[in-house]
Amino acid sequence: MADLRNGCPTDASFKEAVCIDAGRVYDSCCDRDCLEDLRCFFLPEDQALVKDAVSVRLRSAEVLNVFIDVQPVNFNKGFFSCDLTFFFLLGFDLFTSPKNRATCINGITTYSKRVILYGSEGNVKVFSSTVSEECSNHNTTSRSNNCPKCVVQAVDPVPLSARIGELRDCYENVCCIPECVCNCIGGHVATDLQCGEPTVFVTLGLFTIIQLIRNVQMLIPVYDFCIPEKACTDSANDQPCDAFKKIKFPTDDFFPPRPCDISGCGCGCNNCEEE
């Protein structure tokens, strides 16, 4: 067996070529979206607080879930449209007057977008021995089509601004918010507002990477088995002071590094080292 370092061979000793079934990224894209004036939805009791508020501050924003629907593009074979619906959990500070303390509430907003990516063609039906829930009483075979899988990677959005404004259209940005999303704030949100009623509009900055992945069989070189050399440790029985002693001293917190210490000056000279 080859010498291992951190579970990987140190020499490039080729052993054999093996066939694996893995997901291959056929197409991908990245986006920087500025989502302006998204309407927010609140619990009925929190919506009553919004009516009495004079100002609002957006404290936090978090991606709760993304609903994805992939459909083939009829006029362009091999391409697929990916319809994405984002659900965001928002934290607000409401102010009823300049002298009163802020009231903290949570709300939900949504955003939808569509991208078209290449996912190649595949018309086969895939059968596997994995038992599906709907067929568990009939057989032990699970079937799926060969449609590519859409994967969305997103970081929590950047909270840019929030404002209280009157609802111009009572059907504006109203969508069916699923129960699993509503449960994150404790119940069903109020969607039956009338025109002219106050509500909250937010602006968020969202970074995403969207990929179309299809399972294919690939031939790859194998060097050796990756056998971990590091032993598992259990720190549950450590005393608090023993665990504290294992934490690295936070030098950077006491002595913040200069820009050239992090990534260089960027000027191609040695001025930073001479300072």
Side-chain angles (χ1 to χ4, degrees), residues 19-41 61-90 108-135 138-139 141-158 160 168-182 184 189 191 201-220:
C19 183
I20 66 169
D21 185 87
R24 174 185 171 183
V25 179
Y26 272 83
D27 200 2
S28 63
C29 64
C30 60
D31 260 345
R32 177 202 302 259
D33 296 310
C34 185
L35 317 179
E36 296 185 90
D37 283 346
L38 298 180
R39 175 186 170 183
C40 299
F41 300 90
E62 174 188 349
V63 180
L64 276 180
N65 208 337
V66 184
F67 285 10
I68 306 172
D69 182 40
V70 180
Q71 296 294 335
V73 177
N74 295 328
F75 56 85
N76 204 346
K77 283 190 175 182
F79 285 83
F80 294 81
S81 66
C82 305
D83 293 293
L84 316 174
T85 302
F86 293 82
F87 295 92
F88 304 105
L89 175 64
L90 308 172
I108 292 173
T109 190
T110 68
Y111 169 68
S112 298
K113 66 180 298 182
R114 171 179 292 180
V115 298
I116 295 179
L117 296 174
Y118 179 74
S120 188
E121 299 182 45
N123 297 318
V124 300
K125 296 178 181 178
V126 182
F127 296 84
S128 69
S129 58
T130 304
V131 179
S132 59
E133 293 182 0
E134 62 272 14
C135 299
H138 303 283
N139 54 50
T141 302
S142 175
R143 187 187 78 174
S144 65
N145 57 20
N146 201 26
C147 185
K149 177 176 63 175
C150 179
V151 175
V152 179
Q153 302 178 43
V155 297
D156 286 337
V158 181
L160 297 176
R168 298 182 296 272
D169 182 355
C170 56
Y171 297 104
E172 181 181 12
N173 296 331
V174 173
C175 69
C176 180
I177 300 179
E179 185 175 357
C180 61
V181 174
C182 292
C184 293
V189 297
T191 59
F201 298 90
V202 298
T203 299
L204 306 174
L206 181 64
F207 296 94
T208 55
I209 294 178
I210 305 165
Q211 301 171 320
L212 268 190
I213 300 175
R214 184 186 291 277
N215 271 26
V216 295
Q217 288 74 43
M218 294 184 288
L219 193 67
I220 65 168

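In this text, all values refer to a predicted model and were calculated from it rather than measured experimentally.
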*Asks:* Taking all non-hydrogen atoms of both residues into account, name the closest pair between D27 and Y118 and its distance.
*Replies:*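 Result for this residue pair: OD2-N, 2.8 Å.
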*Asks:* After noting the C-alpha distance and the side-chain angles of T203 and C34, does the key distance pass the side chain to side chain contact (heavy atoms under 4.5 Å, CB included) rule?
*Replies:* CA-CA 7 Å; T203 299; C34 185; 4.0 Å; yes
*Asks:* Which heavy atom of Y26 sits nearest a heavy atom of G119, and at what distance?
*Replies:*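 Heavy atoms only, the tightest pair is CB-CA, 4.2 Å.
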*Asks:* Please report the shortest heavy-atom distance between C180 and C184, naming the atom on each side.
*Replies:*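 In this case the closest contact between C180 and C184 is O-SG, 3.6 Å.
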*Asks:* Would you compute the distance between atom CD of Q71 and atom CD1 of I116 and round it to the nearest 0.5 angstrom?
*Replies:*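 Going from CD on Q71 over to CD1 on I116, the span is 12.5 Å.
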*Asks:* Name all residues meeting the side-chain contact (heavy atoms from CB on, under 4.5 Å) criterion together with P72; count only those two or more places apart in sequence or in a different chain, and write none if there are none.
*Replies:* F80
*Asks:* Indicate the atoms forming the closest heavy-atom contact of T109 with R39, along with that distance.
*Replies:*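 Smallest interatomic distance, heavy atoms only, reads OG1-O, 2.8 Å.
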*Asks:* Report yes if the side chains of L84 and F67 come closer than 4.5 Å at any heavy-atom pair, otherwise no.
*Replies:* no
*Asks:* Decide yes or no for C147 and V70: does some side-chain heavy atom of the first lie under 4.5 Å from some side-chain heavy atom of the second?
*Replies:*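 In short, these two side chains touch, coming nearer than 4.5 Å.
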*Asks:* Are the side chains of T85 and D83 in touch, meaning some heavy atoms are under 4.5 Å apart?
*Replies:* no
*Asks:* Evaluate the criterion side chain to side chain contact (heavy atoms under 4.5 Å, CB included) for residue pair F86 and L35; output intermediate values, then yes/no.
*Replies:* CA-CA 11 Å; F86 293 82; L35 317 179; over 6 Å; no
*Asks:* Can you measure from CG (L89) to CG (N65) and round to the nearest 0.5 angstrom?
*Replies:* 12.0 Å
*Asks:* Counting C-beta onward and ignoring hydrogens, is there a side-chain heavy-atom pair between V202 and F88 closer than 4.5 Å?
*Replies:* no
*Asks:* Do S120 and V216 pass the side chain to side chain contact (heavy atoms under 4.5 Å, CB included) test, and can you show the C-alpha distance, the side-chain angles, and the key distance before you say yes or no?
*Replies:* CA-CA 11 Å; S120 188; V216 295; over 6 Å; no
*Asks:* Is Q217 atom CD crowded by more than 12 heavy atoms from other residues, nucleotides or ligands, each under 6.0 Å away?
*Replies:* yes
*Asks:* Compare all side-chain heavy atoms of I210 with those of C150 and state whether any distance is below 4.5 angstrom.
*Replies:*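 Side-chain contact under 4.5 Å: yes.
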*Asks:* For residues G23 and N215, report the shortest heavy-atom separation together with the two atoms involved.
*Replies:* CA-OD1, 3.6 Å
*Asks:* Could you check whether atom CG of D21 has more than 12 heavy atoms from other residues, nucleotides or ligands sitting under 6.0 Å from it?
*Replies:*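 Enclosed: over 12 neighbouring heavy atoms sit under 6.0 Å from CG of D21.
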*Asks:* With respect to S81, which candidate in L117, V73, V115, D69 satisfies the side-chain contact (heavy atoms from CB on, under 4.5 Å) definition?
*Replies:* V73
*Asks:* Which value, rounded to the nearest 0.5 Å, describes the distance between S28 atom OG and I209 atom CD1?
*Replies:*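 Taking OG in S28 and CD1 in I209, the distance rounds to 7.5 Å.
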*Asks:* Go through Y111 and L204 one step at a time and tell me if the side chain to side chain contact (heavy atoms under 4.5 Å, CB included) criterion holds.
*Replies:* CA-CA 10 Å; Y111 169 68; L204 306 174; over 6 Å; no
*Asks:* Between T208 (side chain only) and A154 (backbone N and O only), is there a donor and an acceptor less than 3.5 Å apart?
*Replies:*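 The answer is no, because no donor-acceptor pair under 3.5 Å joins these two groups.
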*Asks:* Between V155 and V63, what is the shortest heavy-atom contact and its length?
*Replies:* O-CG2, 3.8 Å
